[in-house]
Amino acid sequence: FNSVFMNETVGKDLPKLRTAVDEGDYESIKKFSHKMKSSIDLYSIVIIKDVVKEVESLASQKSDLKHIEALVALIEDTLLKVRDEMNNLN
């Protein structure tokens, strides 16, 4: 599970989410935030569970890109910390 989280969620989906935000691509923001929800649920990263849902919701409404950007920064920060903690356990 850890390698899936590291490779898929942090290694692939997180950078794609960042790129989508930088490009203002609401459809991709919605797609990648939705995809990340299952990993966040699986690892019980409750601190950003609602944040990811909010990103998906805002992207569905195609609204408030600045707020989405701030939320994605929080997601990035949190997931990178989780990744580092997981690495320290191995």
Side-chain angles (χ1 to χ4, degrees):
F1 281 125
N2 288 351
S3 63
V4 171
F5 176 78
M6 302 289 261
N7 294 333
E8 291 298 317
T9 304
V10 177
K12 293 180 183 173
D13 294 338
L14 190 58
K16 288 178 182 176
L17 179 60
R18 167 49 62 197
T19 298
V21 170
D22 290 346
E23 294 174 354
D25 181 350
Y26 287 104
E27 285 303 312
S28 293
I29 294 168
K30 180 180 164 187
K31 173 184 170 185
F32 290 110
S33 59
H34 179 79
K35 189 175 177 190
M36 294 172 82
K37 282 193 311 187
S38 60
S39 293
I40 288 166
D41 285 341
L42 180 66
Y43 287 96
S44 300
I45 309 170
V46 294
I47 193 168
I48 58 169
K49 185 176 181 177
D50 290 339
V51 175
V52 173
K53 287 180 183 177
E54 185 176 358
V55 168
E56 184 182 15
S57 176
L58 288 170
S60 294
Q61 299 166 27
K62 296 185 178 0
S63 68
D64 209 347
L65 189 59
K66 286 289 182 195
H67 188 55
I68 290 173
E69 193 169 357
L71 294 173
V72 168
L74 176 62
I75 293 167
E76 288 172 319
D77 185 54
T78 303
L79 290 182
L80 292 175
K81 285 178 182 173
V82 169
R83 180 199 61 192
D84 292 346
E85 288 297 319
M86 290 172 111
N87 283 339
N88 288 339
L89 295 175
N90 294 333

Interatomic spacing from [atom1] in [X] to [atom2] in [Y] - rounded to 0.5 Å:
X: S38; Y: D13; atom1: OG; atom2: CG; answer: 8.5 Å
X: S57; Y: H34; atom1: OG; atom2: NE2; answer: 13.0 Å
X: M36; Y: E8; atom1: CE; atom2: CD; answer: 11.5 Å
X: E85; Y: L80; atom1: CD; atom2: CG; answer: 12.0 Å
X: I40; Y: L79; atom1: CD1; atom2: CG; answer: 5.0 Å

For [X] and [Y], work out which heavy atoms get closest and say how close.
X: S39; Y: T9; value: OG-OG1, 2.8 Å
X: G11; Y: P15; value: O-CG, 3.4 Å
X: Y43; Y: M86; value: CE2-CE, 3.3 Å

Cut-off 3.5 Å, no hydrogens considered: what does the side-chain donor-acceptor table look like for residues 47-54, sequence neighbours left out?
residue, atom, partner, partner atom, Å
E54, OE2, H67, NE2, 2.9

(message) Looking at K37, I want to see if its NZ is surrounded by more than 12 non-hydrogen atoms of other residues, nucleotides or ligands under 6.0 Å.
(response) yes
(request) Might you work through the side chain to side chain contact (heavy atoms under 4.5 Å, CB included) test for L65 and I29, ending with a clear yes or no? (result) CA-CA 10 Å; L65 189 59; I29 294 168; 4.0 Å; yes
Run the side-chain donor-acceptor check on residues 68-78: report pairs under 3.5 Å with partners two or more places apart or on a different chain.
residue, atom, partner, partner atom, Å
E76, OE1, R18, NH2, 3.0
E76, OE2, R18, NE, 3.0
D77, OD2, K81, NZ, 3.2
T78, OG1, L74, O, 2.9

